[in-house]
Amino acid sequence: MKILSIICILFLVLNGTCIACFISSLSNSWIDLLLNLDTIYGETAARVESRPNPDDRPKLRHLFVFGDSFGDNGNTRKPPVDPVLGSAVESEDSRQWFFPYGSFTDRRDNPTGRFSNYMVQSDLVANIMGLDVAPPAYMLTERNTWDKSGMTFAIGGSTVYHPPSNKKRVSTLRHQVDRFESLIADGTISRKHVEHSVALIAFSGNDYVTVGDAGGMNMGINDFIREVTTEIVTNVQRLQEMGVAKVLINNVPPVGCAPSQTTPNGFTRCDRGGNNYATVHNRNLKRLLKEMEDVHIIDLNSAFTNIVDGDNTEVSSFFDERLAPCCQSMDPNGYCGQLGQSDTDYRYTLCEKADKYFYWDDMNPTQAGWETVMEQLEDPIKEFLGLN
């Protein structure tokens, strides 16, 4: 406005002889408009300056992770040391604490309790938020303390829904959210911190792989899927009531393409029946979450499918093996890392170049696999979290 005023003064000085004629030619309304330009401009400027600055928005500083092996970074306990052998004994339930898990750097002493050769999905979501890795595991955190980056409650093998007919004790989403709630209730985690947090619900679809036998549940598969998706929504509501600012939720990837399901056909094609479960689940989940605010579905299904079941996609060309796992048991009922009677009696095979394999074991991607998945999903996550 100052520039406009200077221009007007110069005009008046240089053209003084014509000013009287010019002013007399103006109508009263035009004169009023000119006299009020400063006021109009000033009010507009004030309104612009009063707009909220994006940098003033609450920062999302903390991440709380729920789920299964896609998010677990140490919650499945290390096995105790055998007093006779003087070392811990690996098993299927504790395999993530032993070589070849964590062997991204080719060292044998790097297992961290993650179900991969290094990073898993929760680590890459943490990277998007500006963290180096996912927050520490609940089971590895000292009592009545927490790391200000957040906490991970995910446990490998967990499910969303635990049907009464399944007698095997497994962690569920509800159990994990209960733990989180108890830490808020006892003051370990303050509500102020929760209000600046993101929750990640990272499930792989174990419900449909391990307890998805409709006959054993005395209910049809559609009813079972409805129970699973409803349970997810119920716990999302609980997290929001606790004060969590934003919630990220996996949809189910194409479980029929996991090596555990493609072993019978020699890793040549996906099991369409398993993928149909995922399709129905994802449709139900999207419908149930449609009206909820501050919730974002991470579309793992599309990102996985582009790689493992997409012959003409760029990302599918990144991997030499898209269905076969890098680490494969020699026993159809065995597991990655299985040993026989000695530490050198390997009952599994291990690929030479893990970054050329999408899957690490019978269910979980390699670090290269996870990186390729999350690169496809990073932009919508950043937009949802206001990080662009």
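Heavy atoms only: backbone and side chains are in, while hydrogens, waters and symmetry mates are out.
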Exercise. Checking side-chain contact (heavy atoms from CB on, under 4.5 Å) for the pair Val255/Met363: CA distance, chi angles, key distance, verdict?
Worked result: CA-CA 8 Å; Val255 291; Met363 193 72 182; 4.3 Å; yes
Problem set entry | Evaluation steps, salt bridge (charged side-chain N to carboxylate O under 4.0 Å, His left out), between Asp379 and Lys382 | CA-CA 5 Å; Asp379 285 345; Lys382 280 186 171 181; 5.6 Å; no
Exercise. Would Tyr208 and Val280 count as a side-chain contact (heavy atoms from CB on, under 4.5 Å) if you check the C-alpha gap in whole Å, the side-chain angles of each, and the deciding distance to 0.1 Å?
Worked result: CA-CA 11 Å; Tyr208 307 115; Val280 177; over 6 Å; no
For this session: Assess whether side-chain contact (heavy atoms from CB on, under 4.5 Å) is satisfied between Ile298 and Leu200, documenting all intermediate values.
Result: CA-CA 10 Å; Ile298 300 178; Leu200 169 65; 3.8 Å; yes
Problem set entry | Worked verdict on Asn250 versus Gln121 for side-chain contact (heavy atoms from CB on, under 4.5 Å) | CA-CA 10 Å; Asn250 283 356; Gln121 183 193 6; 2.8 Å; yes
Exercise. Given the rule in the side chain to side chain donor-acceptor pair (under 3.5 Å) test, do Tyr101 and Asp361 qualify, once you have shown the distances and angles that lead to the verdict?
Worked result: CA-CA 10 Å; Tyr101 286 85; Asp361 59 15; 2.8 Å; yes
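In this structure the side chain of Asp355 never reaches within 4.5 angstrom of the side chain of Thr366, judged on heavy atoms. The closest side-chain heavy-atom distance from Arg77 to Met139 is below 4.5 Å. Looking at Val125 and Val198, their side chains never come closer than 4.5 Å, going by heavy atoms from C-beta outward. The closest side-chain heavy-atom distance from Ile307 to Phe318 is not below 4.5 Å. Contact of the Thr76 side chain with the Ser94 side chain is not registered, since no non-hydrogen atoms from C-beta on lie closer than 4.5 Å. Side-chain contact between Asn251 and Leu300 is present, with heavy atoms from C-beta onward closer than 4.5 Å. Taking the side chain as every heavy atom from C-beta outward, Arg174 and Glu231 approach each other to under 4.5 Å. Side chains of Ile184 and Val194 form a contact here, defined as non-hydrogen atoms less than 4.5 Å apart.
Remark: the backbone N or O of Ser158 is paired with a side-chain donor or acceptor of Asn206 at under 3.5 angstrom. At distances below 3.5 Å, at least one donor-acceptor pair connects side-chain atoms of Asn282 with backbone N or O atoms of Ala278. A donor-acceptor pair under 3.5 Å is absent between the side-chain atoms of Asn364 and the main chain of Ser116, judged by distance alone. At least one donor-acceptor pair closer than 3.5 Å links the side chain of Trp146 to the backbone N or O of Thr188. With hydrogens and angles ignored, the 3.5 Å screen pairs no side-chain donor or acceptor of Asn117 with any backbone N or O of Phe104. Asp320 places no side-chain N or O within donor-acceptor distance of the main-chain N or O of Lys356, the cut-off being under 3.5 Å. Between the side chain of Gln376 and the main chain of Ala303, a donor-acceptor pair closer than 3.5 Å is present. A donor-acceptor contact shorter than 3.5 Å links the side chain of Asn275 to the backbone of Gly256. For the pair Gln367 (side chain) and Met119 (backbone), a donor-acceptor distance under 3.5 Å is present. Using modelled atom types, no side-chain atom of Thr305 and backbone atom of Ser302 make a donor-acceptor pair closer than 3.5 Å.
Under 3.5 Å, the side chains of Asp93 and Ser91 contain no donor-acceptor pair of N or O atoms. For the residue pair Ser204 / Asp68, a side-chain donor-acceptor distance below 3.5 Å is found, with atom types taken as modelled. Between the side chains of Asn265 and Thr268, at least one donor-acceptor pair of N or O atoms lies under 3.5 Å. Between the side chains of Gln338 and Asp331, no donor N or O sits under 3.5 Å from an acceptor N or O. For the 3.5 Å distance criterion, the side chains of Gln237 and Glu241 fail to qualify, holding no donor opposite an acceptor. Side-chain atoms of Gln176 and Asn75 form no donor-acceptor pair, as typed in the model, at a separation below 3.5 Å.
A distance below 2.5 Å between sulfur gamma atoms is met by Cys326 and Cys351.
Asp271 CG to Thr263 OG1: the interatomic distance, rounded to the nearest 0.5 Å, is 11.0 Å. Here Leu63 contributes atom CG and Thr152 contributes atom OG1; the two are 6.5 Å apart, rounded to the nearest 0.5 Å. Distance check: Tyr118 OH to Glu371 CD gives 10.5 Å after rounding to the nearest 0.5 Å. One distance of note links CD of Gln96 with NZ of Lys78; it measures 11.0 Å at 0.5 Å rounding. From Ser122, atom OG reaches atom CG of Leu248 across 12.0 Å, with rounding to the nearest 0.5 Å. Going from atom CZ of Arg61 over to atom NZ of Lys148 covers 12.5 Å, rounded to the nearest 0.5 Å.
In this pair, His62 and His193 present their aromatic rings perpendicular. The plane angle is above 60°, beyond the 30 to 60° band.
Hydrophobic clustering (side-chain heavy atoms under 4.5 Å, transitive across Ile, Leu, Val, Met, Phe, Trp, Tyr) keeps Ile155 apart from Phe203. The hydrophobic clustering, which links ILVMFWY residues whose side-chain heavy atoms are closer than 4.5 Å, places Met292 and Phe64 together. Placement of Tyr335 and Tyr359 in two distinct hydrophobic clusters is found when ILVMFWY residues are connected by side-chain heavy-atom separations under 4.5 Å, directly or transitively. Connection of Phe384 to Leu387 is established within a shared hydrophobic cluster, with ILVMFWY side chains joined at heavy-atom distances below 4.5 Å, either directly or through further cluster members. The same ILVMFWY cluster, assembled from side-chain heavy atoms under 4.5 Å apart, contains both Phe180 and Ile232.
In summary, of the residues considered (Trp360, Trp370, Phe115), a ring pair (Phe, Tyr, Trp, His ring centres under 6.0 Å) with Phe70 occurs for Trp370 alone. Just one of His281, Lys286, Arg283 meets the side chain to side chain contact (heavy atoms under 4.5 Å, CB included) condition when paired with Thr229; it is His281.
In plain terms, the two heavy atoms of Pro254 and Phe304 that are nearest each other are CD-CB, 3.4 Å. Here the closest heavy-atom approach between residue Tyr161 and residue Asp207 is recorded as N-OD1, 3.0 Å. Here the shortest heavy-atom pairing between Val160 and Thr172 reads O-CB, 3.8 Å. When all heavy atoms of Pro136 and Ser149 are compared, the closest pair comes out as CD-OG, 3.7 Å. Closest non-hydrogen pair, Ala258 versus Asp362, comes out as CB-O, 3.8 Å. Heavy atoms only, all atoms of each residue included: Pro100 and Gly337 are closest at CD-CA, 3.7 Å.
Taking the ring pair (Phe, Tyr, Trp, His ring centres under 6.0 Å) definition, one finds that Phe319 meets it with Phe358, sequence neighbours left out. Scored by the side chain to side chain donor-acceptor pair (under 3.5 Å) test, Thr112 finds Arg114 as partners (sequence neighbours excluded).
No more than 12 heavy atoms of other residues, nucleotides or ligands sit less than 6.0 Å from atom NZ of Lys192. Heavy-atom neighbours of Glu383 CD from other residues, nucleotides or ligands within 6.0 Å: at or below the threshold of 12. Atom CZ of Arg238 has more than 12 neighbouring heavy atoms from other residues, nucleotides or ligands inside a 6.0 Å radius.
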